[in-house]
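Report on the following structure.
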There are 2 protein chains.
Amino acid sequence: METLGIGALAQRAGVRIDTVRYYERSGLLAPKTRLQSGYRRYGSAELARLRFIRRAQTLGFSLKEIRELLTLSKGRDVARVKRAAQAKLADVEQRIAALQRMRDGLATLVAACPGHGEPTDCPILRALGGEGPELPDLAPAAARRPADH
Amino acid sequence: METLGIGALAQRAGVRIDTVRYYERSGLLAPKTRLQSGYRRYGSAELARLRFIRRAQTLGFSLKEIRELLTLSKGRDVARVKRAAQAKLADVEQRIAALQRMRDGLATLVAACPGHGEPTDCPILRALGGEGPELPDLAPAAARRPADH
DNA sequence: CTTGACCCTGGACCGTGCTCCCGGATATAG
DNA sequence: CTATATCCGGGAGCACGGTCCAGGGTCAAG
């Protein structure tokens, strides 16, 4: 079976060589074997694992979380893996909701700004400047406390 | 009018004093005035601004982006300000779309995982793990010993 | 055997966003 | 006036996720 050097592995996964070594230092990815010379040799399992790491990253997992995920898989505890993914899902959904509130605030501001005239007539400036009457609030409701002001 | 010291400001915004000074160093938040002694004094506008910074951060904006957002309020060109706000709006919408893709990927995975059984039956590990016929050994790097030759 | 591409380790460095500590000055309550 | 809480500037340190040398050693083709 064909094995890959670190450069070929990195290239196939779309990462830099240093990143592969960094992941190894971080306990995420070990070479299948080493040559007598010390050269790392990787197989398809390692390539798959590296791609897993990258995909998990794009799904919002930190390297630490990915390491936990990979460790869980070794423990064959599917339930825990699923719970970790569910927790991340809930987290992502919260962030989406918060961003949607921000988007609505920005959209309202943009719609209310004439795009010309005096700065005092621009609700964007007034809202960001923190002065004057509060126009559409860029803050999500979740960030407001009863004890405010 | 009541002004706040740096400690009171920080406490009301839920940040550390050092963070306030860090934001000042970063060009994000200047005190309204200073006492002759050099003590910073803040008003409600600064508190609002600090809270805005924090909220924007929780929405995934970097301090650099927040600085750009806030710099809008210093401009006098209303048209330019509006365009910048529109660009931010488009950015927020892109973030939302990216997070939604993340969510969809996670949701699909979570839904398809039985939550029990063999790791080979867990799509979170298998589908993301690559297209290999078998689940690669996901053992952490530190646990693996070359051991051969 | 030589050449050039590749790989090795170890460590420095980067940007981001804080957080802490220091020695000294200042504010404020009793 | 004193005690003590707060503040000052400057600088160090930290965690993350890399990225980039330096000063070698190794591999494969010609």
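Protein chains get the first letters and strands the later ones, always in sequence-line order, with residue 1 at the start of each.
- Summarising the geometry, the separation between CD on B/E65 and C1' on C/dG15 is reported as 14 Å, rounded to the nearest angstrom.
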How does protein contact run along nucleotides 12-25 of chain D, one letter per nucleotide 5' to 3', with B for base contact, S for sugar-phosphate only, - for none, heavy atoms under 4.0 Å?
-----BBBB----B

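- Counting non-hydrogen atoms under 4.0 angstrom, B/R41 reaches nothing in the nucleic acid.
- Under the 6.0 Å distance and 45° angle rule, B/R67 does not count as a cation-pi partner of B/F61.
- Here the closest non-hydrogen pair linking B/C113 and A/K82 is O-NZ, 2.8 Å.
- Atoms CZ (A/R34) and C1' (C/dC7) sit 10 Å apart, rounded to a whole Å.
- The distance between atom CG of B/L9 and atom P of D/dC8, rounded to the nearest whole Å, is 11 Å.
- Residue B/R40 places none of its side-chain N or O atoms closer than 4.0 Å to OP1 or OP2 of C/dT26.
- In this entry the distance linking CD of B/E24 with P of D/dC7 reads 13 Å, nearest Å.
- A/A10 and A/I17 make their closest contact through CB-N, 3.9 Å (heavy atoms, listed as atom of the first residue, atom of the second, distance).
- Counting to the nearest Å, the P atom of D/dT6 and the OH atom of B/Y42 are 16 Å from each other.
- Neither B/Y39 nor B/L50 shares a network with the other; the hydrophobic side chains, linked directly or stepwise wherever heavy atoms of I, L, V, M, F, W or Y lie under 4.5 Å apart, form separate groups for each.
- For the side-chain contact (heavy atoms from CB on, under 4.5 Å) with A/L29, the lone residue among A/E46, A/R21, A/R40 that qualifies is A/E46.
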